[in-house]
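Reviewing the structure listed below.
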Amino acid sequence: MLKQQLNLKLSQKLSPQQIQLMKMIQLPLQAFEQRISQEMQENPALEGGKDDSDTYDSEFENDKFEDDYDEGNEVIETDINVDDYLSDDEVPSYKLSANNYSADDEDRQIPYAAGTSFNQYLLQQLNTYRLDEDEKEIAKFLVGSVDESGYIRREIEDIVDDLAFTQNVYTSEDNVEKVLTIVQELDPPGVAARDLQECLLLQLERKDPTPSVSLAIEIIETAFEPFSKKHYKKLIQKFDITEDQLREAIREIEGLNPKPGGTYAGNNRIVEHVVPDFAIKIVDGELDLTLNGRNAPELHISHDYTNMLKGYKESKEKSKAQKDAVIFIKQKLDAAKWFIDAIKQRQQTLFVTMNAIMHHQKEYFLSGDERKLKPMILKDIADKINMDVSTVSRVANSKYVDTPYGTKLIKEFFSESMKNEMGEDVSTREIKKILEMIIADEDKRKPYTDDKLAKLLLEKGYPIARRTIAKYREQLDLPVARLRKEI
């Protein structure tokens, strides 16, 4: 028996240009500027800067160019509506409104950390030591094994094997250990350690031998595990010391650097330079939102290209080469016009989205009190501005806003909601802030357990389970009670 079925499937496919627009919306400001630079290099019909030229001849506007160049009975037609490309040149219409843009006074350069790399810095220091050829090769290999944090995380046995296979240096573990002690004398203190315990010891041994430093060395050497777990009573009993003596020794240890390579200024890494896309100010008690002026570059269609079209129109004899050239020009003009329009859409999307976020979180932006952040998810904003959730996400995840309380990543203003004892929706950010304040004010000699924190929050009207407290605490990068303990 034959069955006839009709299945209807509704699908929406984004065009390549829509995909490009979505990618442009997602770009943070500096990457957006790079995208503009790239487009201008690839498309000579697109030019930057203010267009101060005179108005084009009226007879040239709204014209269609046609030629009757006959090549084997072939009629070639190239339709170009010049008005589509030139009508917006005098006043760039992709600027939303003058008061929506801030002055373009930001530094456009990404700063770099100057100097040599960390490994080069260590190798330069090796030149001050007298080493024989084998020792020098071993030392260089050890320096090459130092990671960005300043540690050598490989076994000595493996290093011996690698020296034989890759450097043709045949040596013993004892010799490598001997050279390692030399490498560990280099700056910064603690470099080339094989674990945290050794790293701390190397730094302590460089300090002046005071009673507290000597005690700190003894603690790290013989009682590292109970120290790391903050079992202070065991340490007091083991070393027969007072709380004050232990406190002084711990202060020496806390002043050490657990990652000696991480703070070296010559690593030649790109220094993150955040340039906010928006600025929010309080003017006469009201919030004022501006969009960074660098989001609205002045772009226009190249006059050279439009002059080429004019020349093509006025020429009496139109060759095949001229026809090919005008088709190329049309493609570039289309691309330039679309790019300028895409910038306009990008700025509209950014401004409308941030404006909705600002008004939703008005109480926070007026006060700076994180406890006043309202529950807000992507859909809340998407519904307000009648846009897709994915579009709001692209704005929130990659953009920063300059506020009276510092520069903030926009996605930080989003949070889920939960009910308090009054049945009101409260932001999880509000709860986390209260949790953070409770922990900050606790007696560090007897820090609150997660169970106790849950009870304290319940007293404040927030019924939260212990496991949720633990999750929020971890998100706030706060350790468990035992590790928050102090003496």
Side-chain angles (χ1 to χ4, degrees), residues 118 121-122 124-126 128-131 139 142-143 145-156 173-174 176-266 439-449 477-487:
F118 184 41
Y121 173 63
L122 297 176
Q124 288 172 0
Q125 295 179 66
L126 277 179
T128 63
Y129 289 81
R130 287 187 178 180
L131 304 172
L142 288 170
V143 166
S145 301
V146 174
D147 65 17
E148 291 183 349
S149 296
Y151 287 82
I152 293 178
R153 302 186 190 274
R154 306 184 60 216
E155 297 294 332
I156 296 297
E173 291 184 26
D174 288 340
V176 173
E177 291 270 10
K178 176 185 172 184
V179 177
L180 179 60
T181 59
I182 296 173
V183 174
Q184 289 176 341
E185 293 176 8
L186 304 178
D187 286 329
V191 73
R194 286 160 287 184
D195 54 38
L196 177 59
Q197 185 178 12
E198 186 175 36
C199 178
L200 298 177
L201 279 173
L202 288 170
Q203 294 178 63
L204 287 168
E205 288 167 356
R206 298 256 195 122
K207 286 178 167 282
D208 293 333
T210 63
S212 57
V213 169
S214 299
L215 178 58
I217 291 174
E218 196 173 358
I219 290 172
I220 298 299
E221 278 186 333
T222 64
F224 185 70
E225 185 175 351
F227 166 75
S228 62
K229 293 181 178 179
K230 296 196 173 185
H231 292 161
Y232 295 139
K233 288 185 179 179
K234 290 183 180 179
L235 294 176
I236 290 172
Q237 293 173 357
K238 177 179 175 63
F239 297 104
D240 191 21
I241 54 176
T242 64
E243 283 192 0
D244 287 340
Q245 288 174 312
L246 179 59
R247 189 178 294 109
E248 289 299 318
I250 290 173
R251 189 171 296 150
E252 293 286 352
I253 297 170
E254 288 177 343
L256 305 177
N257 186 358
K259 294 183 178 180
T263 55
Y264 176 67
I439 291 176
D441 294 337
E442 71 185 356
D443 181 359
K444 296 303 179 186
R445 297 170 66 92
K446 295 179 180 180
Y448 298 130
T449 63
D477 200 24
L478 295 169
V480 295
R482 174 172 52 80
L483 296 180
R484 299 199 307 271
K485 187 177 181 181
E486 296 176 4
I487 60 169

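Only heavy atoms go into these numbers, but all of them, side chains included; no hydrogens, no water, no symmetry mates. Being a predicted model, the structure only gives us computed values, none of them experimental.
Smallest separation of non-hydrogen atoms from Gln203 and Pro189: CG-O, 3.5 Å. Nearest heavy-atom pair across Ser149 and Arg153 is CB-NH2, 3.9 Å. Considering all non-hydrogen atoms of both residues, Cys199 and Pro258 come closest at SG-O, 4.1 Å. Listed here is the closest heavy atom pair of Ala192 and Gln184: O-NE2, 3.1 Å. Between Val191 and Pro260, the closest heavy-atom pair is N-CG, 4.0 Å. Here the closest heavy-atom approach between residue Tyr151 and residue Arg194 is recorded as CD2-C, 4.2 Å.
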Does the salt bridge (charged side-chain N to carboxylate O under 4.0 Å, His left out) test come out yes or no for Arg251 and Glu254, once each step is laid out? CA-CA 5 Å; Arg251 189 171 296 150; Glu254 288 177 343; over 6 Å; no
As a quick check of understanding, evaluate side-chain contact (heavy atoms from CB on, under 4.5 Å) for Leu142 and Ile182, giving each step before the final call. CA-CA 10 Å; Leu142 288 170; Ile182 296 173; over 6 Å; no
Run Tyr121 and Leu186 through side-chain contact (heavy atoms from CB on, under 4.5 Å) and show every step you take. CA-CA 10 Å; Tyr121 173 63; Leu186 304 178; over 6 Å; no
Apply side-chain contact (heavy atoms from CB on, under 4.5 Å) to Lys238 and Thr222, showing your working. CA-CA 10 Å; Lys238 177 179 175 63; Thr222 64; 3.9 Å; yes
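A distance-only check finds no donor-acceptor pair linking the side chain of Asp208 to the backbone of Thr210 [under 3.5 Å]. One N or O on the side chain of Glu442 and one on the backbone of Tyr448 form a donor-acceptor pair closer than 3.5 Å. Under a 3.5 Å cut-off, the side chain of Glu198 and the backbone N or O of Ala193 do not form any donor-acceptor pair. Between the Gln125 side chain and the Asp187 main chain, a donor and an acceptor come within less than 3.5 Å of each other.
Glu221 CD to Glu205 CD: the interatomic distance, rounded to the nearest 0.5 Å, is 6.5 Å. Of the inter-residue distances, the one linking Asp244 atom CG with Glu248 atom CD reads 7.5 Å to the nearest 0.5 angstrom. Considering CG of Leu201 and CD1 of Ile253, their distance stands at 9.0 Å, rounded to 0.5 Å. Distance check: Ser228 OG to Ile219 CD1 gives 12.0 Å after rounding to the nearest 0.5 Å. The CD atom of Glu252 lies 9.5 Å from the CD1 atom of Ile217; values are rounded to the nearest 0.5 Å. Rounding to the nearest 0.5 Å places CG of Asp147 at 12.0 Å from CZ of Arg154.
At least one side-chain heavy atom of Ile220 sits less than 4.5 Å from a side-chain heavy atom of Phe227. Taking the side chain as every heavy atom from C-beta outward, Pro188 and Phe118 approach each other to under 4.5 Å. Looking only at side-chain heavy atoms (C-beta outward), Arg247 and Glu243 come within less than 4.5 Å of each other. Side-chain contact between Leu122 and Leu126: absent, with no pair of heavy atoms (C-beta onward) separated by less than 4.5 Å. Residues Glu185 and Tyr129 are in side-chain contact: their nearest non-hydrogen atoms beyond the backbone lie under 4.5 Å apart. The shortest distance between side-chain heavy atoms of Lys230 and Ile250 does not fall below 4.5 Å.
Other residues, nucleotides and ligands contribute at most 12 non-hydrogen atoms within 6.0 Å of the CG atom of Asp240. Within 6.0 Å of NZ in Lys444 there are more than 12 heavy atoms belonging to other residues, nucleotides or ligands. Sparse packing is recorded around CD of Glu155, with 12 or fewer heavy atoms of other residues, nucleotides or ligands lying under 6.0 Å away.
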